[in-house]
Amino acid sequence: MSSTRNLFLVLIFSAIATTISAHNITDILKDHPEYSQFNSYLTQTKLADEINSRTTITVLALNNGAMSALVGKNPLSVIKNELRLHVLLDYYDGQKLHQISKGTTLTTTLYQTTGNAPGNSGFVNITDLQGGKVGFGAAAAGSKLDSSYSKSVKQIPYNISVLEISSPIIVPGILAAPAPSASDVNITALLEKAGCKTFASLLVSSGVVKTYESAIADGLTVFAPSDEAFKAEGVPDLSKLSNADVVALLEYHAASGYNPVGTLKTTKKPISTLATRGPGKFDLTVTTAGDEVTLHTGVASSRVADTVLDSTPLAIFTVDNVLLPTELFGKAPSPAPAGEPVTSPSPAPTIASPTPAPASVEAPSPLAASPPAPPTGTPAEAPADGPSDGPAGSENSTADNAAVHVNAPALLAALVTVICSALLS
């Protein structure tokens with residue numbers, strides 16, 4: 001029976017795994033040279049990682065001419081915020097654009113998730129115009145619909161849609177007040193304001209803050225423990241560490257390279273830190289569960305709590321626990337092996353009356369089946385006088401080398417029913 005149960009669990013997990021959707025925006029766009037500049041900036045700003053870590057998303061792509069107008073002389077941090085406006089946190093294809101309730105809607109963008117979007121500047125206005133056209137513009141009052149839907153580029157139904165629009169969606173506030181250069185950021189002031197005064201003080205007293213500042217130009221990610229983290233049980237007495245060990249500990253809290261949340265979510269390999277001096281030394285591993293990111297040191301783990309700053313090439317996060325490297329504090333203790341059970345002498349057996357067999361065995365409650373997947377047919381074309389969604393202007397598929405989308409709630413429900421019946425028979 002135990003082998004049957006193990007098989008049951010394997011099959012269940014396999015069925016659940018098939019419901020996972022994945023896509024790679026870089027691969028989707030690489031076969032379209034007219035979006036090469038757009039694709040390049042998604043990579044430079046690490047927005048590609050954020051897009052790849054999400055589902056039910058729409059990317060409003062700009063061709064090379066439109067991107068040139070956006071880039072201009074703007075710093076990378078400003079370009080990143082503008083591009084965030086071109087990532088919608090909902091799925092739109094050519095058909096849905098023409099079926100918007102009341103003909104107009106405000107939809108949330110990736111810029112809204114930063115927490116730095118004043119008012120409704122993190123939303124985009126989509127309006128179905130007369131003559132089959134669809135306009136896009138900033139959601140701020142008085143903003144014009146300066147951009148329009150050009151064509152469909154790629155759809156993986158209900159996972160990701162890539163649409164071309166004619167020109168950038170401009171929010172005046174982003175361009176008028178560009179984000180400060182990361183090299184001008186006062187790291188310790190930001191940390192103190194975020195509730196990491198102990199960590200900031202240690203950086204200054206040890207001189208490691210200068211190491212941080214000199215690393216920013218090549219990209220830097222800081223994981224700052226909160227003040228409460230330093231008071232937690234099990235945190236070593238830092239006053240008993242040598243100066244060299246304190247420096248190594250503080251350098252361990254900063255990763256080489258710019259790693260925003262989206263990049264951390266998609267990271268599979270260990271992350272090198274400023275303390276890394278060789279392969280496998282002073283590195284971190286990352287796991288994700290939904291939107292939660294956890295760092296593992298080999299001694300313990302810590303959740304990435306909040307974003308203090310995300311301004312290319314610098315990212316600063318708060319973490320719940322002090323990160324303790326195995327090189328300084330050893331590995332986490334392994335669970336003690338279970339000993340042989342100690343039994344007392346068995347009492348003389350007693351003969352009990354036979355217990356009648358139950359009349360019936362109650363089956364476990366069936367798992368709630370997911371709602372059926374929406375139809376995955378190719379979206380209807382736009383009106384004849386609107387932009388083309390035909391074969392020449394789009395690529396629609398449910399599985400290829402750039403993306404996979406399998407939705408199997410019905411299969412999972414059927415599988416559970418069959419296996420449960422087998423176990424109970």
Side-chain angles (χ1 to χ4, degrees), residues 16-64 66-67 76 79-80 82-94 108-111 113 150-165 219 221 257-271 285-293 310 312-313 315 373 376 378-379 389 391 393-408:
I16 292 174
T18 64
T19 65
I20 297 174
S21 299
H23 53 258
N24 187 313
I25 186 61
T26 304
D27 285 349
I28 289 172
L29 294 175
K30 72 180 181 182
D31 295 328
H32 299 273
E34 65 271 32
Y35 308 118
S36 60
Q37 196 171 3
F38 181 77
N39 201 12
S40 174
Y41 274 98
L42 289 182
T43 301
Q44 290 180 54
T45 59
K46 300 296 183 80
L47 283 178
D49 293 330
E50 183 73 15
I51 292 169
N52 293 340
S53 71
R54 293 178 175 268
T55 56
T56 316
I57 199 167
T58 301
V59 178
L60 303 177
L62 299 169
N63 63 32
N64 292 336
M67 269 303 294
L76 195 59
I79 296 171
K80 181 172 185 176
E82 275 292 341
L83 290 180
R84 281 172 167 147
L85 282 169
H86 294 71
V87 182
L88 312 181
L89 304 187
D90 198 356
Y91 181 88
Y92 288 91
D93 54 22
T108 310
T109 72
L110 206 54
Y111 183 45
T113 67
S150 298
K151 66 178 182 179
S152 170
V153 178
K154 178 83 171 182
Q155 277 78 47
I156 303 171
Y158 314 105
N159 184 355
I160 184 172
S161 175
V162 182
L163 309 174
E164 181 187 312
I165 59 174
T221 305
Y258 169 61
N259 298 284
V261 169
T263 300
L264 294 176
K265 287 180 180 178
T266 58
T267 296
K268 304 300 181 185
K269 297 179 180 180
I271 297 177
T285 56
V286 184
T287 59
T288 61
D291 286 333
E292 188 168 289
V293 178
D310 180 356
T312 313
T376 57
T378 303
D389 283 317
S394 67
E395 300 174 23
N396 298 325
S397 67
T398 56
D400 60 18
N401 61 351
V404 176
H405 181 80
V406 181
N407 205 328

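This chain uses plain numbering: 1 for the first residue, then up along the sequence. This is a predicted model, so every value here is computed, not measured.
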Trainee: So, Thr285 side chain and Pro270 main chain: donor-acceptor pair closer than 3.5 Å or not?
Mentor: no
Trainee: First locate atom CG of Asp93, then atom OG1 of Thr58, and finally report the distance between them rounded to the nearest 0.5 Å.
Mentor: 8.0 Å
Trainee: Quick check: does any side chain N or O of Thr26 sit under 3.5 Å from a backbone N or O of Asn39, one acting as donor and the other as acceptor?
Mentor: no
Trainee: From Leu47 CG over to His86 NE2, what is the distance, rounded to the nearest 0.5 angstrom?
Mentor: 11.5 Å
Trainee: Taking Asn52 for the side chain and Ala48 for the main chain, is one N or O donor matched with an acceptor at less than 3.5 Å?
Mentor: yes
Trainee: Determine whether a donor-acceptor pair (N or O, by modelled atom type, separation under 3.5 Å) exists between the side chain of Asn259 and the backbone of Leu264.
Mentor: no
Trainee: Taking all heavy atoms of Thr312 and all of Gln44, pick out the closest pair and write down the distance.
Mentor: CG2-O, 4.5 Å
Trainee: Mark yes or no for whether Ser40, through its side chain, and Ser36, through its backbone, hold a donor-acceptor pair below 3.5 Å.
Mentor: no
Trainee: So, using salt bridge (Lys or Arg N to Asp or Glu O under 4.0 Å) as the criterion, who are the partners of Glu50 when residues are at least two apart?
Mentor: Arg54
Trainee: Going by the rule salt bridge (Lys or Arg N to Asp or Glu O under 4.0 Å), which residues pair with Lys80 if we only count those two or more places apart in sequence or in a different chain?
Mentor: Asp310
Trainee: To the nearest 0.5 Å, how far apart are OG1 in Thr45 and CG in Leu76?
Mentor: 6.5 Å
Trainee: With side chain to side chain contact (heavy atoms under 4.5 Å, CB included) as the criterion, how do Thr109 and Leu88 come out once you've worked through the C-alpha distance, each side chain's angles and the decisive distance to 0.1 Å?
Mentor: CA-CA 4 Å; Thr109 72; Leu88 312 181; 3.8 Å; yes
Trainee: Starting at OG1 of Thr43, measure out to CD1 of Ile25 and round the result to the nearest 0.5 Å.
Mentor: 9.5 Å
Trainee: If only atom types and distance count, is the side chain of Lys46 paired as donor or acceptor with the main-chain N or O of Tyr258 below 3.5 Å?
Mentor: yes
Trainee: Start with the C-alpha gap between Thr56 and Asp90, add the side-chain angles, then the distance that decides, and say whether side chain to side chain contact (heavy atoms under 4.5 Å, CB included) holds.
Mentor: CA-CA 5 Å; Thr56 316; Asp90 198 356; 4.1 Å; yes
Trainee: How about Phe38 and Leu83: do any of their side-chain heavy atoms sit closer than 4.5 Å?
Mentor: yes
Trainee: Run Ile271 and Thr221 through side chain to side chain contact (heavy atoms under 4.5 Å, CB included) and show every step you take.
Mentor: CA-CA 10 Å; Ile271 297 177; Thr221 305; over 6 Å; no
Trainee: Report the distance from atom CG of Asn24 to atom CG of Asp27, rounding to the nearest 0.5 Å.
Mentor: 4.0 Å
Trainee: Does the side chain of Met67 reach to within under 4.5 Å of the side chain of Tyr35, using non-hydrogen atoms?
Mentor: no
Trainee: Yes or no on side chain to side chain contact (heavy atoms under 4.5 Å, CB included) for Ile160 and Ile51, after CA distance, side-chain angles and deciding distance?
Mentor: CA-CA 9 Å; Ile160 184 172; Ile51 292 169; 4.1 Å; yes
Trainee: Going by heavy atoms in the side chains, are Ile28 and Val59 under 4.5 Å from each other?
Mentor: no
Trainee: Using modelled atom types and a 3.5 Å cut-off, is there a donor and acceptor pairing between side-chain atoms of Ser161 and backbone atoms of Tyr92?
Mentor: yes
Trainee: Within a strict 4.5 Å, meaning less than it, do heavy atoms of the Ile165 and Leu62 side chains meet?
Mentor: yes
Trainee: Is there a donor-acceptor pair under 3.5 Å between the side chain of Asp49 and the backbone N or O of Lys265?
Mentor: no
